[in-house]
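Values in this document were obtained by computation on a predicted structure and should not be read as measured data.
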Amino acid sequence: MSEYLTHIIVAQDSMRLARRWGAIAPAFKQAIAAAPDAVQLGSATRIGNRFLDSMLLDLRNRWSPDATEDDLTRLAFVLGWVTHQAADGFFKPVYEKQQPEHYAEGRPEPSDVRIYHDVVLFHAACASGRVEPFHPALLDFRLEQDPAARALSVTETEDVVGLRWQRDLLGLIGGLHADDTAFEDRLDAFLVHLEPTYVELARYATAAHRPDPTHLRRFVHDVRFYDPADPLIERARATHQNINEEDADDELALALDAAETDGSLYARVLALSLRFLYIASRVFEGQAGRDALRPILDAQPGPMPDAK
């Protein structure tokens, strides 16, 4: 499920709930509040299982009450990585079971089930894009809901912005613009870092505005993907609306138990994400050793949970 909307939404809901949970380290809550953008970036970044533990332990070993902005940002990024591991470990087997024909062929583009889960959460958890960092026009065909679309050519603007991003990214590759480097060598360096584009945004727009009833039934309703009545989901939505809500550990514990025993798929992934954050919190506070992080680092696809 890497790098798409669901990762960011899982991270956002997890952080809202974690900030209200007394079992989570104060440093984690401080980092979440200080650097929400870093949480989102971490949640959408791959290979966290390679570096998450070393970064977390390095931060733990030099943490102080007056942590620097850089350290708060790094910790927030790591926390986003933790939620990424939970989402990948939970949802990948869901996707493979719901649409096995797509994954059997090894196709790189996102599957229909992944797109429909993204779109459902965009509407249900993010008020159709009215929750940051999203925008109501995000899943439009041509940004038609954005007032700026009436004043300029969207397709031409996309080309200009795309070229600017490419130039900025090229500037991050060391030595690419060195005067003493042959053009062929610079081109090779660029191609090494180039990733193919295989996400067709029109498929997202179609799912958002003209959803296929068969896909909705198969990928969303039949497996009970998102149930707003789940206690953990209700709590995430309420916490989003009232940022000053006080901790209620007993209520959260009951909501976690309900999600794990009889929750919709989204409630269950939130519960797993919170459990992972709790493990990371214990390690960060010295209550558990590095080995306790293994469930997070080893989170891999397993059997799909039974839909309730």
Side-chain angles (χ1 to χ4, degrees), residues 1-13 35-46 77 80 83-84 87 91 95 99 102 107-173 176-177 186-187 190-216 218-220 225-226 237 240 266:
M1 186 185 64
S2 298
E3 301 75 68
Y4 300 134
L5 303 185
T6 297
H7 265 309
I8 295 174
I9 297 169
V10 168
Q12 287 182 314
D13 278 347
D37 290 349
V39 171
Q40 294 161 13
L41 289 172
S43 74
T45 301
R46 295 177 293 178
F77 186 91
T83 69
H84 183 109
F91 270 123
Y95 297 150
Q99 199 174 1
H102 177 94
R107 292 152 58 185
E109 69 269 16
S111 59
D112 291 325
V113 58
R114 180 186 296 188
I115 290 174
Y116 273 75
H117 284 189
D118 276 352
V119 168
V120 167
L121 288 179
F122 179 77
H123 290 314
C126 299
S128 299
R130 291 186 291 276
V131 173
E132 293 184 355
F134 303 109
H135 186 283
L138 178 65
L139 300 185
D140 285 349
F141 286 94
R142 282 290 180 266
L143 298 179
E144 51 265 21
Q145 294 185 66
D146 193 305
R150 296 192 292 270
L152 47 78
S153 168
V154 172
T155 53
E156 292 179 2
T157 303
E158 287 176 344
D159 291 339
V160 172
V161 173
L163 288 172
R164 174 61 184 268
W165 280 358
Q166 289 178 18
R167 189 185 72 179
D168 291 345
L169 291 172
L170 287 172
L172 298 176
I173 302 175
L176 194 61
H177 299 296
R186 283 183 281 158
L187 181 60
F190 166 71
L191 293 175
V192 165
H193 292 82
L194 181 67
E195 290 197 22
T197 299
Y198 49 78
V199 179
E200 186 181 354
L201 296 180
R203 292 177 64 203
Y204 274 83
T206 299
H209 298 285
R210 298 196 292 269
D212 183 325
T214 301
H215 285 351
L216 280 175
R218 176 183 174 188
F219 300 141
V220 178
F225 169 65
Y226 185 95
R237 299 283 73 77
H240 174 230
Y266 186 68

Electrostatic pair Arg164:Asp168 at N-O distance under 4.0 angstrom:
yes
If you look at every heavy atom in Ala11 and Thr83, which pair is closest and at what distance?
CB-OG1, 3.4 Å
Please walk me through it: do Arg237 and Asp13 pass side chain to side chain contact (heavy atoms under 4.5 Å, CB included)?
CA-CA 8 Å; Arg237 299 283 73 77; Asp13 278 347; 2.5 Å; yes
When the ring centroid of Tyr95 is compared with that of His117, is the distance short of 6.0 Å?
yes
Testing Thr206, Leu216, Thr6, Leu139 one by one against Val119 for a side-chain contact (heavy atoms from CB on, under 4.5 Å), which residue passes?
Leu139
Any heavy-atom pair between the side chains of Tyr266 and Val120 that's under 4.5 Å?
no
Sub-4.5 Å side-chain heavy-atom contact between Gln99 and Tyr116
no
His209 NE2 to Tyr204 OH distance, which is reported to the nearest 0.5 Å
13.5 Å
To the nearest 0.5 angstrom, please state how far the CG atom of Asp212 sits from the CG atom of Asp112.
8.0 Å
Should Ile9 and Cys126 count as side-chain neighbours, where that means a heavy-atom distance under 4.5 Å?
yes
Look up atom CG in Asp146 and atom CG in Leu152, then write down how far apart they are to the nearest 0.5 Å.
8.5 Å
Does Gln145 reach the side chain of His135, with side-chain heavy atoms less than 4.5 Å apart?
no
Decide yes or no for Phe77 and Leu41: does some side-chain heavy atom of the first lie under 4.5 Å from some side-chain heavy atom of the second?
yes
Check the side chains of His123 and Ser128 for a donor-acceptor pair under 3.5 angstrom, ignoring hydrogens and angles.
yes
How many angstroms lie between atom CZ of Arg203 and atom OG of Ser111, to the nearest 0.5 angstrom?
7.5 Å
Nearest 0.5 angstrom please: His7 NE2 to Thr45 OG1, how far?
9.5 Å
So CD1 of Ile8 and CD of Glu132: to nearest 0.5 Å the spacing works out to 12.5 Å
Side-chain touch Gln12/Ser43, heavy atoms, less than 4.5 angstrom:
no
A side-chain contact here means heavy atoms from C-beta on lying under 4.5 Å apart; do Phe225 and Leu121 qualify?
yes
